[in-house]
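A short write-up of the structure that comes next.
Here is how names work: the chains are called A, B, and so on, in the same order as the sequence lines, proteins then strands, and each is numbered from 1.
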Amino acid sequence: MTEPKATSLAVHKLAFLDANALSIPVYQVLKQDGTLYKGAAKPDMDEATARRIYDNMVYIRVLDERMIAAQRQGRISFYMTCIGEEAAIIASAVAIDDQDMVFAQYREQGALRARGFTTEQFMNQNFSNEMDLGKGRQMPIHYGSNALHYMTISSPLATQIPQATGYAYAQKIRKTGQITICYFGEGAASEGDFHAGMNMAAVHGAPVIFFCRNNGYAISTPSDEQFKGDGIASRGVGYGMRTIRVDGNDTLAVYQATAEARRYALEHSKPVLIEAMTYRLGAHSTSDDPTGYRSKEEEAVWAMQDPVLRFKHWMVKNGWWSDEEEKAVYSKYRDDILSQLKVSEKIPAPQLEEMFTDVYDKMPQHLIEQYEALKAHVQQYPDVYPKTSGRLDA
Amino acid sequence: MTEPKATSLAVHKLAFLDANALSIPVYQVLKQDGTLYKGAAKPDMDEATARRIYDNMVYIRVLDERMIAAQRQGRISFYMTCIGEEAAIIASAVAIDDQDMVFAQYREQGALRARGFTTEQFMNQNFSNEMDLGKGRQMPIHYGSNALHYMTISSPLATQIPQATGYAYAQKIRKTGQITICYFGEGAASEGDFHAGMNMAAVHGAPVIFFCRNNGYAISTPSDEQFKGDGIASRGVGYGMRTIRVDGNDTLAVYQATAEARRYALEHSKPVLIEAMTYRLGAHSTSDDPTGYRSKEEEAVWAMQDPVLRFKHWMVKNGWWSDEEEKAVYSKYRDDILSQLKVSEKIPAPQLEEMFTDVYDKMPQHLIEQYEALKAHVQQYPDVYPKTSGRLDA
Amino acid sequence: MSKMNLLQAVNHALTTAMEQDPHMVCFGEDVGHFGGVFRATSGLQEKFGKDRCFNTPLVEQGIIGMANGFAASGTTVVAEIQFGDYIFPAYDQIVNETAKFRYRSGNEFNVGGLTIRTPYGGGIAGGLYHSQSPEANFTHTPGLKIVVPRNAYEAKGLLLSAIRDPNPVLFLEPKRLYRASVGEVPETDYEIPLTVADVVQEGKDITLLAWGAQIEYAEKAAAMAAKDGISCEIVDLRTLLPWDRDTVAASVNKTGRLLVTHEAPITSGFGAEIAATIQERCFLSLEAPIARVCGLDVPYPLALEKEYIPDQYKIYEGIKRTMNF
Amino acid sequence: MSKMNLLQAVNHALTTAMEQDPHMVCFGEDVGHFGGVFRATSGLQEKFGKDRCFNTPLVEQGIIGMANGFAASGTTVVAEIQFGDYIFPAYDQIVNETAKFRYRSGNEFNVGGLTIRTPYGGGIAGGLYHSQSPEANFTHTPGLKIVVPRNAYEAKGLLLSAIRDPNPVLFLEPKRLYRASVGEVPETDYEIPLTVADVVQEGKDITLLAWGAQIEYAEKAAAMAAKDGISCEIVDLRTLLPWDRDTVAASVNKTGRLLVTHEAPITSGFGAEIAATIQERCFLSLEAPIARVCGLDVPYPLALEKEYIPDQYKIYEGIKRTMNF
Ligand SMILES: Cc1ncc(C[n+]2csc(CCOP(=O)(O)OP(=O)(O)O)c2C)c(N)n1
Ligand SMILES: Cc1ncc(C[n+]2csc(CCOP(=O)(O)OP(=O)(O)O)c2C)c(N)n1
Ligand SMILES: [Mg+2]
Ligand SMILES: [Mg+2]
């Protein structure tokens, strides 16, 4: 095409489009007390789905709590919670198909759990032991599972965004009937890869949901030092992409928006952008201390908007949940996780050989030589390398 | 900040923002016949400015024509014209201050000429001779001049965009009273560096005008395979940046918009985005043949919108220009350029040493050694390296 | 068999691979209808449709990002970067993502189906940004394979191997030879194995090691040296990562001397790795220091390109210096 | 003089430079109010204001792009990349722009005022993406200088030189030593010249060459070897580009043996360049092949990090192998 799409629209007076010409509203369904906003349609969510979502929320709360404690005790080296963002993550994951592909950033353990990642799998990854699907190679929380269609987490930010476009493009031309969802933070959305992935998805008609968790911070950097536009949603229009902003602490709003986005993406082979407004209630990671850059008051305001509690109130109002159930579930998960933790932390690290596998499909000659040399060295200094020396075959 | 800017705006019905929610009009002042559009204000342009613009237009037409011929004759290796885009480039350059900084892409020779780059300087660069300010190191058309505040062209696309942001930021904190203008094509706007530079300019309040020449093509790729949004202007809002779309073949519209953008950028220390809708009437470069990807009919439609002719009509209507002047100027520039061409093509290539200078501020030991060794080699095989062998001091 | 230039051989390999693998795609800037600025992909969109061969927006990090995601789905993809000089915006996607995809996931996922093609090298009056030879910017990256063909025949066979290799491959095409290198190329499907160097010419006094367009200069230099009675063995490394150390070491153990030549700047070029490895492997056989006749440690110049290039005269002088050590 | 760790020394150098140069700025992810995730820039925003020390959006290519433009205006800038592993999105801006700015413009413009600081290296349980040592991804790039300090004292003096050097400098900070390396550091302004290697320990049997955090392992290995009666000379290269070949060659000509150690993967690491150059320069003095005790050719692992690292035991064994050749 050679003419601007809008040539028909001409003006003859000098007028700039204002910097915030577009004001994008937030879609909200559920109030904090568990009642619906006036004018909101009755949510299209059955009891089983609601229970599935809530169950996963509780699980993740327990997991995060337990892992933070484990990190403090020095049992694992690092951890990241998703506290405050459970609705955004879990409701969106449940709203799509379990065969759809997930590309996540790192704070989306709730989506992975919703797919069925087991306590054992979580623990083995966090302890980098030889049962870890990732073979103990990446830091804690870098989960991934082929069986569950959940791409292994990669630390470099935003790289997954154009990758999600490519994966979704493959789904389209292979006519799999599936879509891809791609999670990222509002900070990661500043990367060049964001621009690349968004624009290419629009141009190539990739059926992908870009799900931005706008939680207000990228480590210490508040979002008003990250961008000056109206959040991330205002960029969707620039890419010619269908877009919605939702209250990310509102399970029902997130669920409805994501379900509709999926339907649209699949039917039209087009991407959709969802911006979920939420808040990172915890520290960025166990290496971070937010008191250096934000106030307790601010945190308190958001703590009052707890997404898990909000959803629970609705469940209770529907007669789908009770305090007894709550207690039982919490204590069951606490037990499960703690006992698996004790098992996983005793499972040994991967064998020495695993440092050399998977660089290529087969170990090439130079890596075989490096492995042999290292094996001999470890055997010579068994005390220096206790993790592997005891387990080498002669 | 921790709350979305738009939380006050809430909706309770599921509704997506449409992919083309924003329709950005084109600002037009001048019709092709040289009369003004109804409703357009009387242009704020005096005769001297109009003459300056038109004079540069003619010069560049002649330069482009002559250089294309020189390339066909094998006298230079490569060239790129800006035919069809003269109004966008020259009117914008004249609308700002001559001390403002220019970061261009490569097709903006008109802006450089408007700053006073001489025929001699153009020719010496295109012939990569020892008088080239760039010391014969880059391909033809990679001009640059510190004295004229015109950053040397760099082939990798879009790299100049965040650089312009940085330069403008320095102008701001050093309170120079100047701004930066940054030109780029609609193709280059797909690069990650575009996203980086735009967002950072908005966040850091850099006084920079981002001037996009949307000429319909990036080599063979038409703009509808480049993006699906409403051009590049629709992205401005996403960055929270003041934005305007202008008819790029309309000298008066470009001039007014750029002058106002400069005023705003300087006064508010903020960036502005201008999208100029135009058309690359020539081939991408002398290495390209557009018949492989677009029709003669399409080209003809745009040829009828010739920006130079349009402006000339207005000048003539104002009594500021005549056919006699036109003839005289064309023939003067043809003579000047041809005679300088004949001079410049005879000026020898840079000395051998110039291959090693400017890698660092001073030549480090290893480069001195490489230079000495190469010098000896060239002296040994003078016929193989005729450009330099004759001019080596013993 | 038919006479083809290197570009046609590449086009042939792509056509062959796409015919055989119904999901394979091929994309990059201008590669669709237009067939790429060098025309390496010409005819592919007509033949296989717009879904399988298409233009992308102008964003190299996106091209490789998208290619990584596509390949991660278990599908074959050949991504083109228009010039080797423009591969650097995609550096993170290649070095941090492509190369580490399988390892970091414990082989849950891999991008083995990915091949990245790009024209590289000088000799075409391209100056700083249309001449670079970026192989050594990638040889430090475990997980990648890097392949460079020296002529049309090699290009087709090596590219078919690269596309089908279950690991990501960076395939560097010497653009100076695109039209200049013409030879007999089989119409049939054939592969040349990766990580196997090729002894192009046997000799006994000195080994000349090169790849891509430098092989031509090495051959000319060897011919010059032959007149002085020096017998050169010429080895085309073909695959730079992982490279065939055994063949090179065997040759050097035989000749006792090694000269490596590449067009990229000498410092930290891939010649350094070869010299470092071979001085260790062949220490007792070496009769002279390993010589490197390479590009200068300057950005690639334009007007003085001829002076920059490690041509046959420079190699020939390097051979003599090594012989006379 | 006061006791400082390496981080404090960096912070000192930045403060000193910003006090002296009223236009100098300092930016990167989280470097503003928070002072950076390692706190290297802490206090700078309070002291010099938000205009001169600030957070950027999360985009490395933008950080270096903006820094290039800022420096091109003739102003001094120190840009921080949060981890060396995240420098790759900025690779094009560094390799194609920063490094070539002066050359391509014929010195009409330059970005000599730019220094890029980034923490690098392993030993902190960081796995693939918080451990890489990317020096050799940059040593192949004419136009850059690359500097690595080994302790707090060196860090302050070298960083001040880097900031004031009229060429762009990549300054790699060994993050394992950030808090671990503590020493006496002058409060005053001082510079340590670039491209001058430092003989950390004199010896006569073998030269150990390293930089950054590896110096510590080299020292430990030398102590182990000393017990066997082997006398090691330890050289800290300090500047990798352009490097001090004379000092290294003189040492090797004296000892007759060279072992290079770095944490990055061995293949195409900077050790390769050193070995290639020194085998040529010191061919007749070498009594054994140049040894490289380096990282493995795998992505940086997590659980088996200890096994990966070229520690004192591996260096010690390398010394013995070289001595017994
Ligand atoms: C390319 C890259 N640069 C920097 C980092 C370091 N880093 C890790 S997380 C993070 C902040 C991300 O913020 P956001 O995207 O908003 O996600 P959130 O943590 O808020 O969920 C940064 C800077 C990184 N991992 N990758
Ligand atoms: C990073 C990079 N990628 C690719 C190229 C090759 N290239 C040169 S010009 C061009 C098209 C640019 O199109 P556009 O930005 O629209 O500018 P126009 O030529 O239309 O003025 C391409 C792909 C390049 N120079 N740099
Ligand atoms: Mg965030
Ligand atoms: Mg264009």
Legend entry - 4.5 Å side-chain heavy-atom contact, C:Phe138 and D:Ser268: no
Legend entry - Reported CG-to-CZ distance for the pair C:Leu302 and D:Arg104, which is rounded to 0.5 angstrom: 15.0 Å
Inset, instruction - Select, from D:Ile87, D:Val298, D:Ile278, the one with the greatest count of heavy-atom pairs under 4.5 Å involving chain C. - result: D:Val298
Inset, instruction - Find the one option among C:Ala288, C:Pro134, C:Ala90 whose heavy-atom pairs under 4.5 Å with chain D are most numerous. - result: C:Ala288
Inset, instruction - Give, as side chain, backbone, both or neither, the part of C:Glu135 having an atom under 4.5 angstrom from any heavy atom of chain D. - result: neither
Inset, instruction - Please look at C:Leu286 and chain D and tell me whether the side chain, the backbone, both or neither of the residue comes under 4.5 angstrom of a heavy atom of that chain. - result: both
Inset, instruction - Determine the option with the most heavy-atom pairs under 4.5 angstrom with chain C, choosing from D:Pro289, D:Ala99, D:Ala291. - result: D:Pro289
Inset, instruction - Just give me the residue among C:Lys100, C:His140, C:Glu273 that pairs up with chain D most often, heavy atom to heavy atom, under 4.5 Å. - result: C:His140
Inset, instruction - Could you have a look at D:Ile274, D:Leu284, D:Ile94 and say which one has the most heavy-atom pairs with chain C under 4.5 angstrom? - result: D:Leu284
Legend entry - Rounded distance (nearest 0.5 Å) linking atom CD of C:Gln279 with atom CD1 of D:Ile290: 4.5 Å
Inset, instruction - Calculate, to the nearest 0.5 Å, the distance between atoms CD and CZ belonging to D:Glu97 and C:Phe88 respectively. - result: 12.0 Å
Legend entry - Closest-packed option against chain D by number of heavy-atom pairs under 4.5 Å, given C:Gln132, C:Gln93, C:Glu60: C:Gln132
Inset, instruction - Assign the ring pair C:Tyr91 / D:Tyr91 to parallel, tilted or perpendicular, where the plane angle (0 to 90°) is split at 30° and 60°. - result: parallel
Inset, instruction - Provide the closest heavy-atom pair for D:Ala276 versus C:Ala275 in the form atom of the first, atom of the second, distance. - result: CB-CB, 3.6 Å
Legend entry - Segment of C:Phe283 engaging chain D (4.5 angstrom heavy-atom cut-off): side chain
Inset, instruction - Sort out for me which of D:Pro301, D:Ala136, D:Gly143 touches chain C most, counting heavy-atom pairs under 4.5 Å. - result: D:Ala136
Legend entry - Any donor-acceptor pair under 3.5 Å from C:Gln61 side chain to D:Pro89 backbone: no
Legend entry - Residue, of C:Asn96, C:Thr277, C:Leu296, C:Thr139, that accumulates the most heavy atom pairs under 4.5 Å with chain D: C:Asn96
